[in-house]
Amino acid sequence: MTGYTLTCPVCNKEFSDSYTLTCPDGCQGLIRAKYAARQITLHDAPGVFKYMDWLPVTGVLRTRAEPVCFKSEGLARALGLSDLWIVFSGYWPEVGAFAVSGSFKEFEAFPTMQRLSERTKGIIQVSSAGNTGRAFAEVSAETCQPVIIVVPESARDRIFTTSPAHDILLITISGDYTDAINLGSRICTLPGIFPEGGAKNVARRDGMGTVMLAGTLAMGTLPDWYLQAVGSGTGGIAAYEASLRLIADGRFGTRMPRLLLFQNEPFIPMVRAWQEKRREIKDEDMPDAEQAISQVYSDVLTNRTPPYGIVGGVFDTLIATNGLMAGVSSADAQEAGKLFSSSEGIDPDPAAAVCVAGLMRAVRSGVIKPDEKILLNITGGGYARGRKDLPRFVKAPDIMVSKETPFEKISAKVQEWMRYYA
Ligand SMILES: *Cc1c(COP(=O)(O)O)cnc(C)c1O
Ligand SMILES: [Zn+2]
């Protein structure tokens, strides 16, 4: 059975999807998809779309990207764990991992682009200094769907694809990530341009949720623990929502997995807020933010405005899963990354290395018992391998602006580019 509606966690209203990102009544909460299929049936469909029963799409795109889960031997032995399972998102042909942009952002990007094309007529806009931007760029290159990407000038060489991309409008701004986000928001006020929506987008959350689906289907049952390094925490929310569906399915156990989420010291705003069981992140949770961000090993984990306190967000997710959060030092993450490479045979994304370091600490401190069933989300990796195997087309910027460039000048150029797709 296919089909879904959207529901609001605040007013409980149910409504149909027109690429809706928020409750039509204006409630502040993360709207959720409610799927007609109570039990999941795997479809004979490309990559992540095999989980389309629980994705907000009716059609599919061609891709080989999907999460791959296997029982760990090397890392499990090194840490003395008997039931450690790894979900690998990235590029690692030997295990069947073909997220060629290198991270689980690709599992979000494909359903998001498909949902947009099914539910509205328009072009998607993404502001990202890294993995998200590259994932959407890759989808655009593979599917010829247009996308507008805004990045800080310093990140321009991070947007590359494995086939030539003809349908990306890449805008660079001299400034930082926040300047890119602000320009992106203004561009989304132009008719026909839609924001990718971050955690508010059910396609992004349920795309990330396929990690829990792949893991549980491989293990045959829900895990005791789900571990991930977080910047926005969207992956944690997604893992929880997928677990709710798997419990309702009835075939995978009834116990909600506990979430153990990590941030990279010294930038750990959600860890600080959660330690005091506070729903609000305060300024004192991120002292000297700029300085702290410049010191982390994994900069994809440095979101200043995560969906933490919002209804259905990270705080509610941690409550519902009896979850934990912890900070991990960059030195520990680097060490853990080396251990992962040598014990499993593939290079992890720095964020995934943070997660491995967090696992090591949780085992050492006794939070996790050696025989518990652990799902370790290796959110990205295989870059070294990809550099060897895969073609690389670095996208040249189409529009380069500064913070002083008048918006009218930028919007005129954007609209000129858009005419081709109208
Ligand atoms: C984005 C990202 C994360 C953090 O994901 P969130 O769930 O959005 O916080 C972790 N690892 C990698 C490799 C990422 O690209
Ligand atoms: Zn509502």
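As the structure lists them, so they are numbered: ligands from 1, and atoms in each ligand from 1. Starting from 1, each residue takes its place in the sequence as its number. Atoms considered below: every heavy atom in the structure, side chains included; atoms not considered: hydrogens, waters and symmetry mates.
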Are Arg258 and Tyr226 side-chain neighbours, meaning at least one heavy-atom pair lies under 4.5 Å? no
With a 4.5 Å heavy-atom cut-off, do Leu217 and Tyr51 have their side chains touching? yes
Per-atom contacts of ligand 1 with [X], taking only distances under 4.0 Å to non-hydrogen atoms:
X	value
Lys105	1 (C), 2 (C), 3 (C), 14 (C), 15 (O)
Ala229	4 (C), 10 (C)
Phe104	2 (C), 3 (C), 5 (O), 14 (C)
Asn131	13 (C), 14 (C), 15 (O)
Met208	7 (O), 8 (O)

Does any N/O atom on [X] come nearer than 3.5 Å to any N/O atom on ligand 1?
X	value
Ala351	no
Val300	no
Thr379	yes

Would you mind checking which non-hydrogen protein atom is closest to atom 5 (O) of ligand 1, with the distance to 0.1 Å? Gln228 NE2, 3.5 Å
At what distance is the nearest protein heavy atom to atom 7 (O) of ligand 1, and which residue and atom is it? Gly235 N, 2.7 Å
The option among Ala352, Ser232, Pro350, Gly380 carrying the non-hydrogen atom nearest to atom 6 (P) of ligand 1 is Ser232
Please state whether the rings of Phe315 and Tyr308 are parallel, tilted or perpendicular, taking 30° and 60° as the class boundaries. perpendicular
At the Zn ion (ligand 2), SG of Cys8 and SG of Cys27 open up to roughly (10° bins) 110°
Does [X] come within less than 4.0 Å of [Y], counting only side-chain N to carboxylate O?
X	Y	answer
Arg279	Asp316	yes
Asp53	Arg245	no
Asp224	Lys373	no
Lys34	Glu14	yes

Taking the six-membered ring for Trp, is the centroid-to-centroid distance between Trp85 and Phe70 below 6.0 Å? no
Going by the 4.0 angstrom heavy-atom rule, the piece of Ala238 near ligand 1 is neither
When you look for heavy atoms under 4.0 Å from ligand 1, do you find them on the side chain of Val230, its backbone, both, or neither? both
For a side chain to side chain donor-acceptor pair (under 3.5 Å) check, start with the C-alpha distance between Asp349 and Tyr383, then their side-chain angles and the critical distance, and finish with the verdict. CA-CA 8 Å; Asp349 183 285; Tyr383 299 109; 2.6 Å; yes
